[in-house]
2 protein chains.
Amino acid sequence: MAQGPTITTIAERAGVSIASVSRVLNGLPTRQETVRKVMAAAEELGYVRNAVARSLKSRRTHQVAFAMADVGNPAYLAMLREIQPVLKAAGYRLVLHSTGAVVADEIDVLHSLGERYVDGMIMVPLRVTEAHLQMLGAARAPVVVIGSVPEGTPVDNVRADSRTGVRLAVDHLHALGRCRIALVNGPTDTVPGAARGAAYREALAELGLPYDEELVEIGDFYRAEGGRAVAALLNRVSDVDALMCANDLIALGALDVLRAAGKRVPEDVAVVGMDDTDLAAASWPSLTSVSLGSAERGRVAAELLLDRLQDGEHEPRVVTVPPRLVVRASTTPEPPAVRDVTGAAGQAATQSRSTEGGGTS
Amino acid sequence: MAQGPTITTIAERAGVSIASVSRVLNGLPTRQETVRKVMAAAEELGYVRNAVARSLKSRRTHQVAFAMADVGNPAYLAMLREIQPVLKAAGYRLVLHSTGAVVADEIDVLHSLGERYVDGMIMVPLRVTEAHLQMLGAARAPVVVIGSVPEGTPVDNVRADSRTGVRLAVDHLHALGRCRIALVNGPTDTVPGAARGAAYREALAELGLPYDEELVEIGDFYRAEGGRAVAALLNRVSDVDALMCANDLIALGALDVLRAAGKRVPEDVAVVGMDDTDLAAASWPSLTSVSLGSAERGRVAAELLLDRLQDGEHEPRVVTVPPRLVVRASTTPEPPAVRDVTGAAGQAATQSRSTEGGGTS
DNA sequence: TTGTAGGCGTTATCAC
DNA sequence: GTGATAACGCCTACAA
């Protein structure tokens, strides 16, 4: 781990100036003889260009940050899986930020954008506060936000359509003859929690079903918490025949609790999750879930950012990714060979790439 | 997105030299009056220090790279989830590299270490070639390898114990009265594939069971491939009563195929996976799996790297993480409340943190 | 074609 | 205490 060689070292070794070395290294027109000498010296010394020095000069790091609440969340991982190859193909490295659910940390990450160690950022805020908007307005590098921001925020924005998503699910349950459809939600002060709560209410109204507060339970977006919430719900209301869960983890918790309680799924209680993560297809029974296009949102975000990194100046763009209902065993006893129902008529085919494996020694 | 202010801008604004600005910013002893002026100017200008320039000077980027074959692989993700918080707590950012299964890409990543855009690296090579060893020997920054490298390789090394892991699984199956235990493996020219193949053979020998080539099927480490391999196997051999799968994805594929073939799991065929990913607990039936301590290996690797980044020079260290058999429904009809069997007597409690959730709008 | 020199934004070593 | 000034490693006018 000795001190690595620099262009100066090479210059001395080759008996030329550092300017010539730089030229050769960058493929600028140079005499053959010089090229040979420099290349030889570089080779012998095992020279590798210093990316930091180069960035200082060029003002480009070829790095992009991805900031989300939690690396362990399968929905974010689905985004990550799409973002990574897109950026890599364009010659960018991906820097990960896991902020926890702490708003201050998100602001901090946004602040650190100013340190210029990345050329841009993709961010999935859990809550969007005034402080967020202020930082976004003052950002010194392009930012793409996954999740809705108010009109006029000067960043590109990739949205899911929770509203339609929840409606697809509720319609599906209703069509199966379910009338006591409960909502198991996460905290309502989060962006997704709020959206899904409102959408649930709307969907019921559209179907002419009454909104019953008894049928709404707030927990958190985790499996254990979801289970607890469902237990509380069942304890309170006895005639629930369907659970609309605000994400897949909650839904898995629901399955755990229902099984323990001796309820059959879907005969006694049908269950729908959200995000359509890998866990949905693997669960027991397999889980009907609303895909909000995590993978596609990630891919689109990466593409928007790359575009912005190249061109620079357009108006802020907003892209909304349509949801899809993926029907599995938790709502229909005989899973109909994975039927898909698309939310927006004939929209972009959200190709959720199959999870790949690989051993580890 | 105007040109950001630098210490020079601040110096002018505050009417002092850049040296003083730097001192104030770094908390070095300075007169109160000067401190005030500089802070005020910095505040007004919204100054954020340039990480690149700072790195050039300090020769530290406060970044660490994590390189693996595929961001989509749950085993690597388990590592990632542990690595990230450890590094973050120590003030490091994580740069992700997904190399695909391509050896050349791994070498390339190792090469890029020389660009000094990170202070160190954690790598999980799928194969370990001569080229790998050469690059590792010449590395200009500390590297920790997850997966076995030959004695004498000058890097810290965190290993799983496939051998014991496979033995735990095979013993378990044998104890359940299974005698025709098949192996569904991934490519045998990979580190894990080779290790698991050899371990299977050993485990049978120890139990006095015959090694039957008919019972070994090679596919790949993915769900679909695993399914195909199992189909081929069942087609060839009719009396298989247990499947030892080289990872969880293969095992899930096996469950798919067995179900389609009308075989009951575990009554007709017992199934064991490896890596104990989130998918194992969520699957249908839930999957008995050998945990090779992905999470712990990640955490240990991060700690070794941090230690090396601070101190610098010790001898290369080797840490082996013990496997655990996690028994679930795919081998015992009545899952015994998730019984754990530890591979090494009373070893470090591999605390596999429960996957956390979170909604996304 | 090639070399000299200045600058990217910081930090750190000097004299003052 | 503070202010010039020299690095850090690279790129690039501009001159030769």
Side-chain angles (χ1 to χ4, degrees), chain A residues 1-39 41-42 45-63 112-119 140-141, chain B residues 1-39 41-42 45-63 112-119 140-141:
Chain A
M1 280 186 236
Q3 197 56 261
T6 72
I7 52 171
T8 308
T9 331
I10 297 184
E12 288 166 358
R13 175 78 160 242
V16 298
S17 73
I18 61 169
S20 289
V21 175
S22 179
R23 276 186 217 105
V24 172
L25 260 23
N26 290 303
L28 296 178
T30 317
R31 185 159 40 123
Q32 266 314 310
E33 173 63 10
T34 312
V35 173
R36 228 181 20 72
K37 284 193 294 188
V38 169
M39 294 305 258
L45 293 168
Y47 172 78
V48 182
R49 235 188 346 233
N50 184 314
V52 175
R54 155 174 272 238
S55 290
L56 181 56
K57 195 63 199 150
S58 68
R59 295 151 171 284
R60 297 207 126 218
T61 61
H62 295 282
Q63 295 193 149
S112 76
L113 234 195
E115 293 179 2
R116 317 213 80 110
Y117 68 96
V118 287
D119 298 338
R140 295 225 175 75
Chain B
M1 282 188 233
Q3 196 57 262
T6 72
I7 51 171
T8 307
T9 330
I10 297 183
E12 287 165 359
R13 176 76 158 244
V16 297
S17 71
I18 62 167
S20 288
V21 176
S22 179
R23 276 187 216 105
V24 171
L25 260 24
N26 290 303
L28 297 179
T30 317
R31 190 166 29 133
Q32 267 312 312
E33 173 62 10
T34 312
V35 173
R36 227 182 21 71
K37 283 192 295 190
V38 169
M39 294 305 260
L45 293 168
Y47 171 78
V48 181
R49 96 186 149 219
N50 184 314
V52 175
R54 159 174 267 239
S55 291
L56 179 58
K57 194 64 192 147
S58 69
R59 297 152 167 285
R60 296 208 127 219
T61 60
H62 295 281
Q63 296 193 149
S112 77
L113 234 192
E115 294 179 2
R116 317 212 80 105
Y117 68 98
V118 287
D119 298 339
R140 297 225 174 75

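Order of the sequence lines fixes the chain letters, A, B, ..., with proteins taken first and strands second; residue numbering starts at 1 for each chain.
Closest heavy-atom contact between B/Pro5 and B/Leu45: CG-O, 3.5 Å. When all heavy atoms of B/Tyr117 and A/Gln63 are compared, the pair lying nearest together is CD1-OE1, 3.6 Å. Nearest heavy atom pair, residue B/Arg59 against residue B/Asp119, reads O-OD1, 4.4 Å.
From one end of the helix from C/dT1-D/dA16 to C/dC16-D/dG1 to the other, with five pairs defining each end axis, the axis direction shifts by 50° (rounded to 10°).
Across all strands shown, B/Leu25 has no heavy atoms under 4.0 Å from either base or sugar-phosphate atoms. Contact annotation for B/Thr30: backbone-only contact, meaning every heavy-atom pair under 4.0 Å involves sugar-phosphate atoms and none involves a base. Contact annotation for B/Val52: no contact, since no heavy-atom pair falls under 4.0 Å across all strands. Contact annotation for B/Ser22: base contact, defined as any heavy-atom pair under 4.0 Å involving a base atom. Residue contacts shown for A/Arg23 include a base, since a base heavy atom lies under 4.0 Å away.
The structure places NZ of B/Lys37 at 6.5 Å from CZ of B/Arg31, a figure rounded to the nearest 0.5 Å. Taking NE2 from A/His62 and CD from B/Glu115, the interatomic distance works out to 10.0 Å, rounded to the nearest 0.5 Å.
The side chain of A/Arg49 sits closest to D/dC11 out of D/dA4, D/dC11, C/dT11.
Checking the phosphate oxygens (OP1, OP2) of D/dC8, no side-chain nitrogen or oxygen of A/Asn50 falls inside 4.0 Å. Residue A/Tyr47 has a polar side-chain atom (N or O) positioned under 4.0 Å from OP1 or OP2 of D/dC10. For C/dT2, one of the phosphate oxygens OP1 or OP2 lies less than 4.0 angstrom from a side-chain nitrogen or oxygen of A/Thr34. Listed pair B/Arg59 / D/dC8 fails the phosphate criterion, with no side-chain N or O lying under 4.0 Å from OP1 or OP2. Phosphate contact (OP1/OP2 of D/dG9, side-chain N/O of A/Thr6, threshold under 4.0 Å): absent.
In summary, of the residues considered (A/Gln32, A/Glu33, A/Met39), a side chain to side chain contact (heavy atoms under 4.5 Å, CB included) with A/Arg36 occurs for A/Glu33 alone.
Separating the CD atom of B/Glu115 from the C1' atom of D/dC10 is a distance of 13 Å, rounded to the nearest angstrom. In this structure, the CZ atom of B/Arg116 is 11 Å from the P atom of D/dC10, given to the nearest Å. A/Leu45 places its CG atom 14 Å from the P atom of D/dG9, with the value rounded to the nearest Å. We find that CD1 of A/Ile10 is positioned 11 Å from P of D/dC11, with the value rounded to whole Å. Atom CD of A/Gln32 is separated from atom C1' of C/dT2 by 15 Å (rounded to the nearest Å). Atom CZ in A/Arg54 sits about 14 Å away from atom C1' in C/dC8, given to the nearest Å. Separating the CG atom of B/Asn26 from the P atom of D/dG1 is a distance of 17 Å, rounded to the nearest angstrom. Rounded to an integer number of Å, the gap from B/Leu28 CG to D/dG1 C1' is 12 Å.
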Would you be so kind as to tabulate the donor-acceptor pairs closer than 3.5 Å made by side chains of residues 7-18 of chain B, with sequence neighbours excluded?
from, atom 1, to, atom 2, distance (Å)
B/Thr9, OG1, B/Thr6, N, 2.8
B/Thr9, OG1, B/Thr6, O, 3.2
B/Thr9, OG1, B/Thr6, OG1, 3.4
B/Arg13, NE, B/Glu44, OE1, 3.2
B/Arg13, NH2, B/Glu44, OE1, 2.3
B/Ser17, OG, B/Ala19, N, 3.4
B/Ser17, OG, B/Ser20, N, 3.3

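With hydrogens and angles ignored, no donor-acceptor pair closer than 3.5 Å exists between the side chain of B/Lys57 and the base of C/dA12.
Each of A/Ser58 and B/Ser20 was assigned the nucleotide of DNA chain D with the nearest heavy atom; the assignment lying further toward the 5' end belongs to B/Ser20.
Between the A/Arg140 side chain and the A/Arg116 main chain, no donor and acceptor come within less than 3.5 Å of each other.
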